[in-house]
Every structure is written in C-alpha cells, then in structure tokens.
Amino acid sequence: MTSKNENNASVPTSASNTPIAIDDDESPLETNSDPSLLPITSRHTSAVWSDFKRKRVGDVIKAECNHCSKLLAGGSKAGTTHLKDHIKICPKRVCQDLRQTRMFGTKKNLNDKNDTMTLAPYEFHQEDGRRDLAEMIISHEYPISMVEHIGFRKYSKTLQPGFKVPSRNTTRKDIMKRYELEKENVATLLRKAKGKIALTTDMWTADNQRKGYMAVTSHFIDNTWKLQSRIIRFLYVPAPHTAEVLADALKESIQSWNLDLRLSSITVDNCSTNDAMMEILKGVFPYGSLLLRGDFFHMRCCAHILNLIVQDGLSAVVSNGVQRIRDSVVFWTASDKRVQRFEQVAKQITPECSRKLALDCKTRWNSTYEMLSIATSYKELFVVLSARNNLYKNPPTPEDWEKVEKICEHLEVFSKTTLNFSGTNYPTANLYFPKICALRIAISGWLLSPHDYVRKMADIMLQKYNKYWASVNGLMGVATILDPRYKMALIRFYFAKNFDEHDFEIEVSRISDLLRRLVDEYGSKMGKTQGSSNQQAFDLGSSSKSNEETFMQEFAEFLQQDKDSNCGEFKDDKYAKLVGELEEGFETCDIDSGTSGLCTE
C-alpha cells in the first residue's frame, strides 16, 4: 500500500499503513523491506552512499556502514565528509576504490597450474617505482642510459601510465642513494657485532678494460650467532700491482671501516706478492690487537690450496696428455660448424653421452677435472674424427686416455671437496676438518697404487699438502673441538689414521696447545686469567674406502670402543671451568673480547 505526500510523491508504507516520512522531495532510487531503512534518492549523488544505508533510529536519521554496521549521522545537514573518513579506516572494508585496486594472481603451491585472482588495494607511488628501477639496474648491471631509450619509456608507460621515467642523471643519483643506504646498513651490522672480523680479498681484472680491481669481503658472527659475509670495498687499483700498492689499498679499506682493532685474519690466494703484502700489513696494525699476536693474521685460501695441490700433481705426470686433450676441446668448440659436426658423430658412436665439451680455466683445477671427465667419455669419438678431418692434428694418445681416466677416478674426492669449499652457503670450519683429513688419507693411499704415475702424483701432492695445511688444520681442529658432537675425539680419530704413533702425539698436542693459547687470550681479555704453570695436557686417551661416510661410521665405532676414556674432555678442571665461563659471558663481552670470525674460504 502507498500514500501520497503533498507533492504527490509516492512512498512505501509499512504493514500498519503508517507512512514513512522522507526528508527530500525526489523519487526514491531503491527500497527495502526493512521498515527502518530509508531510500537512497537521486539527491544522494556522492559515491560514498554505495558503502552506506540510510536508516531511521528513533527520531534521528543515521547512515549505517555496509561493512561494519557502524551508525553515523545521516541527515540532510550532516554532509558526507565524515562518511568518507570512516570508509578510509573501516576495519572490515576489503577494497577502497576500484580505481585504486589491482588484480593479483596467487598459487596454493608451486605445482598448481591455476592462478587464483584476487582484487586487493593498491596505491601508486612514484618514489617506489624509482627505487625499484635503480635496484633493477644494479642487480642486472644494465646501462643507466636505458632509462632514456624510447622503447623502455613506452614499455613503462604501458605498465603504469602514472610513472614518470626519470632521467639518466636522476637515476644515477637514485643508485648512489641506494648505495649509501646499503653501506650504512652494513656499517650498523658491523658495529653491532661483538666478535672479531675476518677479511678475504682478491684481485680481479676487467676483460673489457684490462684494469685491476680489489674486492674486500668481511666475515663475522652476528649477535644471533649466524655467519655473515658482506662486501665492504670494491676499488680500482692502478698498476703496477706491487706488494706495497696492494698493501696501501687494503690498509685504506680496513681503516675506512674502522676495523683496525677488530681483525682476526685476512685470507688471500697463495702467491709471492700476497705474502709480501701481508708482511707489510702485519707491521701496520696494532700488535696486541691481532689474534694470538698475529699468528693467524695471514691465512691462505683453502680452495686455492686445493688448486695448487692438484695442478702440481697433474703437471708432474700428465701435463702433455692434458694439453693434448685441451687442444682437442679447443678445436672442436672453435666454431658452430665444428660443434655441430662433433655432435652428429657423437650421436652415432656414443649415443649414451649427451654432455657438451667444456674448456677449462687453468687457474681452477675443478674446471680441468670437468673438462677431462667429459672428454674421456668421448675418447673413441676423437679417434674417429682424427681420421676424418685433416685439420685435426695431434689428438690424445691411448696412453693419455689411460692415465687421465685413472687419475680422474682418484681426483673425484678433490672435486667434491672443492665444491664444498667454493659453495655459496659456506659450511662452518668444523665441517671442513673431516674433509681435509679424508683428503690426506686418500693421497696416502695412492702411494700404494700399482701405477707409477699415480704414486708419483701422490708423492708431489702430499708434499704440497704438508707445506700449506699445518696452520689451517690448527684452526679447523680448534673449531672441531668446540663442536660438542666431536670435541677431541674426532681429532684423535683422524690423526691416528694420518700419522704414526710419534707424529700422532705431536700433532694432537699442537692442536690442544693452540686451543689452550686461545682460551688464555680470551680469558685474559675478559678478566679471567689462568696461569700457564698449572696447565696439564688434554686427555688424549688411547687411539687405536677412503670416503667421508665410511670414516664417520668408523668414528662412531671408535667412540663406542673409547667410551670409558672420557675422550675429548679436559683433565684440568680449571680449564674446563674457564671455557664454560667464556661461553656464558660471551654475550656481555665488549667488542675486543668477542669470538673471532675465522674464515677458511
């Protein structure tokens, strides 16, 4: 039933035939069966009314939020500003404005082929776009001039018409701003770290410029006990790259970050120039601030030591054969036509082999190993091709292949260790120790080979191993002792396999003495001194293939047999107590008395 007002406007009535008054004289746009609801008329032109209902509450007209049901003033004199303000902060409103929303695709899991599209709030900010543009150029090493390319500007306008592509100079400023921000973040992280800081450095030559650059990376344990690595300098070093020039560049880098008093070690490659550089730097920094007065200030790169060991072994027994294989790989990868020819013949003769030939980098032995292991799978193919192509001369001989195949079998253990040492997520020093010991055991076993060239290679490798690994083994041994799973037991286990009875006692004592010296130094810095006159030896107890898993199984049996000897514990209760105090007090120690970030990269 309806009734008419004085202007003959029809309005709905309630079930009791009582008219509901409205405060305007326009025709209603919508009605509702709820008697307390009032219609939204043509006078209510604001877009905000799509989120509200007009409702009579007693004698007052209210506006009720469609999302949270909150009541606000809704009369003709109340206006709509307060309604708009509420919509902006309404806790139950999913989206704001369709013009400020964006479709997002999500997947429940990576294998799900169907995207679930959702509409979510979105607000464009020019600053965010400029920041992401600078990050993209940095990450992918794009030229800054790309921001002025017509195609890039057109593409950016298509993606976001509101984004104003900055100029080249503005983008350069954005990149430097990001650099300064990241630099400050690294500086803050270094300041908060309580422990010592280790550095690694190396020289790099740009192919297109033939200029030398020095990279300096810091390694340290943060306050959450996580290993952190951060590049702190990448600088151009003018020629000539003498020891003095390199020492000055590295010293400036260290001092610019105020790391003079916090250094534990600097790890470099093995070369005479680096040796001389480290001698210069050792006299520059405060003597008493270095770990054990500089005994471990100069550390040699483990991966580079492995490279020297293998390269020396290979050059002594199969240098000519390796060179012939290298020349063959160079020949058959020199052009697309030759590569195609090689692959065609390979499908006929060795269809089970699908790996592509790879040329090695002479300074990275593992790339040489990869080149040889791939080439040996095509040895029959090289013989066939030498008869079909007159330009292919001096192919590898049958003796070359025999030696290389046998040597590659032995070098597999080196390949796995090198990959572990060169990984992106570096394992900690205590995990290195078993691998290094397993290498020495393997090399010693090769001395019993029936092949004279394998025995010769093993002898040369063992000499190089013993030359470089003494100091590195010491630090790795200390880290192993501090591993509660191993303590002194693993040291004794591996050294018993590597040394005779006399050398075993000497080597184990060397590791235990090093740990004692470190404990004394850290204890003195924390005000907890321990006189050396009362020091007693660690409890060494009694000690009684060639792959790491087998050794660890043997180690488990070794522990079970040696269980009653308390292997790995101190006989000196005072030292055991001091170590416990050091562990408990670490979190409150000052910067100079923190743990050292020992780097064995």
Side-chain angles (χ1 to χ4, degrees), residues 302-334 338-339 341-386 392 394-424 435 438-439 441-443 445-446 449-458 460-461 464-465 545-549:
C302 292
H304 196 247
I305 292 176
L306 289 180
N307 183 70
L308 292 177
I309 292 174
V310 178
Q311 293 288 11
D312 282 10
L314 287 176
S315 61
V317 294
V318 288
S319 59
N320 293 332
V322 170
Q323 189 59 49
R324 279 189 282 268
I325 293 176
R326 183 180 290 117
D327 292 341
S328 298
V329 173
V330 169
F331 181 87
W332 289 108
T333 58
R338 289 181 183 176
V339 171
R341 177 60 177 165
F342 186 91
E343 293 177 349
Q344 287 176 345
V345 179
K347 290 180 180 179
Q348 301 171 359
I349 299 178
T350 56
E352 71 281 359
C353 299
S354 59
R355 301 176 67 186
K356 294 182 179 294
L357 294 177
L359 184 62
D360 70 331
C361 172
K362 294 183 180 180
T363 58
R364 292 175 53 227
W365 93 266
N366 54 317
S367 67
T368 303
Y369 171 79
E370 182 183 14
M371 178 189 72
L372 296 177
S373 61
I374 294 175
T376 53
S377 62
Y378 293 111
K379 61 181 181 179
E380 296 87 357
L381 183 59
F382 285 107
V383 176
V384 172
L385 291 173
S386 64
Y392 176 40
N394 196 28
T397 65
E399 184 182 3
D400 292 337
W401 290 121
E402 179 185 356
K403 287 184 177 181
V404 167
E405 282 185 317
K406 182 61 65 176
I407 288 173
C408 282
E409 291 177 7
H410 289 79
L411 294 183
E412 184 178 2
V413 61
F414 272 89
S415 178
K416 292 180 179 179
T417 303
T418 301
L419 290 176
N420 286 327
F421 277 15
S422 305
T424 301
K435 300 180 186 299
L439 283 181
I441 295 172
I443 297 174
W446 301 345
S449 172
H451 306 285
D452 59 343
Y453 57 88
V454 174
R455 295 195 300 273
K456 182 179 179 181
M457 180 184 72
I460 293 174
M461 286 183 168
K464 185 71 72 171
Y465 181 103
K545 18 202 169 196
S546 295
N547 70 57
E548 192 177 339
E549 292 184 1

> Give the ring-plane orientation class for F382 versus Y392, where under 30° counts as parallel, over 60° as perpendicular and anything between as tilted.
tilted

> Under 3.5 Å, is there a donor-acceptor pair between the side chain of R338 and the main chain of T333?
no

> List in chain and number order the residues that pass salt bridge (Lys or Arg N to Asp or Glu O under 4.0 Å) with K456, two or more places apart in sequence or in another chain; answer none if no residue qualifies.
none

> Could you tell me whether E399 atom CD has more than 12 heavy atoms of other residues or ligands within 6.0 Å of it?
no

> Just by distance, do the side chain of R326 and the backbone of D360 share a donor-acceptor pair under 3.5 Å?
no

> Determine, step by step, whether L381 and K379 satisfy the side chain to side chain contact (heavy atoms under 4.5 Å, CB included) criterion, reporting the C-alpha distance in whole Å, the side-chain angles of both residues, the deciding distance to 0.1 Å, and the verdict.
CA-CA 5 Å; L381 183 59; K379 61 181 181 179; over 6 Å; no

> Check the angle between the aromatic planes of F342 and W332 and answer parallel, tilted or perpendicular using the 30° and 60° thresholds.
tilted

> Which heavy atom in L372 sits nearest to a heavy atom in C408, and how many Å separate them?
CB-SG, 3.7 Å

> Would you call S373 and R355 a side-chain contact if the rule is heavy atoms closer than 4.5 Å?
yes

> Could you tell me the separation between the OG1 atom of T376 and the CG atom of D400, rounded to the nearest 0.5 Å?
12.5 Å

> Ignoring hydrogens, what is the shortest heavy-atom contact between I325 and A375? Give both atom names and the distance.
CG2-CB, 3.7 Å

> Please collect all salt bridge (Lys or Arg N to Asp or Glu O under 4.0 Å) contacts where either partner lies in residues 365-374, sequence neighbours excluded, each pair once.
none

> Just to verify, what does F414 make a ring-ring contact (aromatic ring centres under 6.0 Å, His included) with, not counting sequence neighbours?
none

> In Å, rounded to the nearest 0.5 Å, how long is the span from NE2 of H410 to NE2 of H451?
7.5 Å

> Is any side-chain heavy atom of V339 closer than 4.5 Å to one of R341?
no

> Write down the atom of S328, the atom of P395, and the distance for their closest heavy-atom approach.
OG-CA, 4.2 Å

> Salt bridge or not for E343 and K347, using N-O below 4.0 Å?
no

> Could you tell me which residues satisfy salt bridge (Lys or Arg N to Asp or Glu O under 4.0 Å) with E380, sequence neighbours excluded, listed by chain and number?
none

> Can you name the nearest heavy-atom pair linking I309 to Y465, along with the distance?
CD1-CA, 3.9 Å

> Please list every donor-acceptor pair under 3.5 Å in which a side-chain atom of residues 313-322 meets a protein atom from a residue at least two apart or in another chain.
unit_1, atom_1, unit_2, atom_2, d
S315, OG, Q311, O, 3.0
S315, OG, D312, O, 3.0
S319, OG, S315, O, 3.4

> List the atom of A442, the atom of V413, and the distance in Å for their closest heavy-atom pair.
CB-CG1, 4.4 Å

> Determine whether Y378 and L357 make a side-chain contact, defined as any pair of heavy atoms from C-beta on separated by less than 4.5 Å.
yes

> Quick one: CE on M457 to CG on L411, what's the gap to the nearest 0.5 Å?
5.0 Å

> Among all residues two or more places apart in sequence or in another chain, which pass the salt bridge (Lys or Arg N to Asp or Glu O under 4.0 Å) test with D327?
none

> Of all the heavy-atom pairs spanning V310 and M461, show the shortest one and how long it is.
CA-CE, 3.7 Å

> Nearest 0.5 Å, what's the CH2-NZ distance between W446 and K406?
12.5 Å

> How about E412 and K416: do any of their side-chain heavy atoms sit closer than 4.5 Å?
yes

